[in-house]
Amino acid sequence: MKKRFCLIGIITALIVAGVALASCSNLIEDLKLKMPADFVKINGGTYDGTAPLTPASEVFKVGRRVVISDFYICNHEVTQAEYEKYCTYGGSSPSDTYGRGPNHPVYYVSWYDVLVYCNKRSIAEGLSPCYKINGKTNPDEWGGVPTSSNATWNAVTCNFDASGYRLPTEAEWEYSARSENRDIFTYSGSNTVGDVAWYKGNSYDLGTSSPDYGTHDVKTKAPNSKGLYDMSGNVWEWCWDWWCGTIENNTPSVGVSSGLRRIERGGSWNFGMNSCVVSYRGNSGLDLYSRCYDLGFRLVRSAN
């Protein structure tokens with residue numbers, strides 16, 4: 001009997017040790033990458049284009065093969081406090097009308113502003129910057145952030161193998177917003193929009209006299225199954241990809257090579273529930289230099 005208990009004890013100890021080693025391995029990986037605790041690892045995969053998703057997707061569409069590498073994504077939209085640590089506003093600043101506070105998502109940031117933030121934060125944290133403009137990765141050498149369309153800034157390149165911060169591709173964004181099998185929920189984490197999103201119905205429609213008008217602190221609604229908050233609603237989120245009306249079957253996973261605008265995803269506090277659907281592709285017509293009261297961003301990092 002004692003031998004049996006001894007054997008059971010040894011097996012239990014080995015199981016516990018295995019779990020501990022696995023957790024330790026993940027921790028070592030995160031530390032090696034200097035990964036903040038609020039970043040979630042997303043295991044990549046391949047969508048082979050043989051079966052439609054629900055809701056129907058223009059990114060993961062029948063006939064298009066999409067390969068997603070492992071990456072990390074922040075569990076919340078970049079907050080005003082996080083943005084202001086590295087950057088100043090180039091135009092209007094967040095206001096009480098649209099929501100102001102350290103944990104409110106940042107807005108009034110252009111796509112150009114986001115490039116600066118990503119590289120500045122990467123450099124400050126000892127990471128290799130992802131974005132390069134005119135051959136340089138230091139934003140201090142880029143000149144002032146353009147307030148009109150700028151061909152040099154539009155030609156920015158992204159090193160997806162770098163360790164620093166960047167915007168998600170549209171495919172990475174939707175892959176993160178959907179459940180593990182990519183076809184359960186209409187919104188990111190629920191079929192009931194109000195469970196996971198601040199949108200027109202529970203914010204804008206209440207009027208400016210309501211405390212719920214405008215943006216809200218991040219992570220105040222339920223997360224999706226991956227632990228990500230506000231993938232639906234609160235503020236629109238800039239993505240890397242150029243906007244294109246129709247994604248062809250041969251379009252690369254990082255989108256088309258040129259365009260006039262960049263993709264926005266997720267919906268916001270002043271748009272209807274349809275914009276919060278995980279498959280909805282935002283196209284407000286905003287230029288890359290535009291700054292708006294309902295548009296922010298979320299960070300990812302490659303997991304090389």
Side chain [X], main chain [Y], donor-acceptor under 3.5 Å:
| X | Y | value |
| --- | --- | --- |
| Arg178 | Pro55 | yes |
| His216 | Gly214 | yes |
| Asn224 | Gly227 | yes |
| Lys219 | His76 | no |
| Asp70 | Gly44 | yes |
| Ser210 | Gly207 | no |
| Gln80 | Gly101 | yes |
| Ser190 | Thr192 | yes |
| Ser253 | Val66 | no |

Hey, what do you get for [atom1] ([X]) to [atom2] ([Y]), rounding to the nearest 0.5 Å?
| X | Y | atom1 | atom2 | answer |
| --- | --- | --- | --- | --- |
| Glu82 | Thr79 | CD | OG1 | 3.5 Å |
| Ser179 | Leu53 | OG | CG | 9.5 Å |
| Ile123 | Glu125 | CD1 | CD | 11.5 Å |
| Arg166 | Asn159 | CZ | CG | 9.5 Å |
| Ile263 | Cys239 | CD1 | SG | 7.0 Å |
| Asn75 | Ile73 | CG | CD1 | 9.5 Å |

Taking Tyr131 as the fixed residue, which of Trp153, Tyr165, Trp240 is the one that meets the ring pair (Phe, Tyr, Trp, His ring centres under 6.0 Å) rule?
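The single option meeting the ring pair (Phe, Tyr, Trp, His ring centres under 6.0 Å) with Tyr131 is Trp240.
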Among Tyr204, Tyr98, Tyr89, whose ring pair (Phe, Tyr, Trp, His ring centres under 6.0 Å) with Tyr293 holds?
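The option that passes is Tyr98.
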Is the shortest side-chain N to carboxylate O distance from [X] to [Y] below 4.0 Å?
| X | Y | result |
| --- | --- | --- |
| Arg298 | Glu172 | no |
| Arg65 | Asp48 | no |
| Arg291 | Asp113 | yes |

Hey, does the Lys NZ or Arg CZ of Arg262 hover above the aromatic six-ring of Trp243, less than 6.0 Å from the centre and inside 45° of the axis?
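Negative - Arg262 is either too far from the ring of Trp243 or too far off its axis.
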Regarding Lys61 and the six-membered ring of Tyr47, is the cationic atom NZ or CZ under 6.0 Å from the ring centre and inside 45° of its axis?
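Judged by the rule, Lys61 and Tyr47 form no cation-pi pair.
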Side-chain heavy atoms nearer than 4.5 Å, only ILVMFWY residues, links allowed to pass through others: does that put [X] and [Y] together?
| X | Y | result |
| --- | --- | --- |
| Tyr72 | Trp238 | yes |
| Met231 | Val300 | yes |
| Tyr107 | Val145 | no |
| Trp173 | Val59 | yes |
| Phe60 | Leu228 | yes |

Given the rule in the side-chain hydrogen bond (donor to acceptor under 3.5 Å, both in side chains) test, do Trp198 and Ser232 qualify, once you have shown the distances and angles that lead to the verdict?
CA-CA 8 Å; Trp198 293 108; Ser232 290; over 6 Å; no
Run Tyr83 and Tyr117 through side chain to side chain contact (heavy atoms under 4.5 Å, CB included) and show every step you take.
CA-CA 7 Å; Tyr83 184 78; Tyr117 175 84; 3.7 Å; yes
Check this for me: [X], atom [atom1], are more than 12 non-hydrogen atoms of other residues, nucleotides or ligands nearer than 6.0 Å?
| X | atom1 | answer |
| --- | --- | --- |
| Tyr108 | OH | yes |
| Leu206 | CG | yes |
| Lys85 | NZ | no |

Checking Tyr112 against Asn154 for the side-chain hydrogen bond (donor to acceptor under 3.5 Å, both in side chains) test, could you report, in this order, the C-alpha distance in whole Å, the side-chain angles of both residues, the deciding distance, and whether it holds?
CA-CA 9 Å; Tyr112 294 151; Asn154 291 351; 2.6 Å; yes
Report the C-alpha separation of Asn270 and Ser268 in whole Å, then their side-chain angles, then the decisive distance to 0.1 Å, and conclude whether the side-chain hydrogen bond (donor to acceptor under 3.5 Å, both in side chains) test is met.
CA-CA 6 Å; Asn270 64 332; Ser268 75; 2.6 Å; yes
Decide ring pair (Phe, Tyr, Trp, His ring centres under 6.0 Å) for Phe271 and Trp236; before the verdict, give the C-alpha distance in whole Å, the side-chain angles of both, and the deciding distance to 0.1 Å.
CA-CA 9 Å; Phe271 273 71; Trp236 288 100; 5.2 Å; yes
Taking the side chain as every heavy atom from C-beta outward, state whether Asn119 and Trp142 have any atom pair closer than 4.5 Å.
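With C-beta onward as the side chain, the pair touches.
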Test log, rule side-chain hydrogen bond (donor to acceptor under 3.5 Å, both in side chains), inputs Ser57 and Glu174
CA-CA 9 Å; Ser57 176; Glu174 186 171 326; 2.7 Å; yes
Side chains of Asp212 and Ser203: is there a donor and an acceptor less than 3.5 Å apart?
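No - no donor-acceptor pair under 3.5 Å links their side chains.
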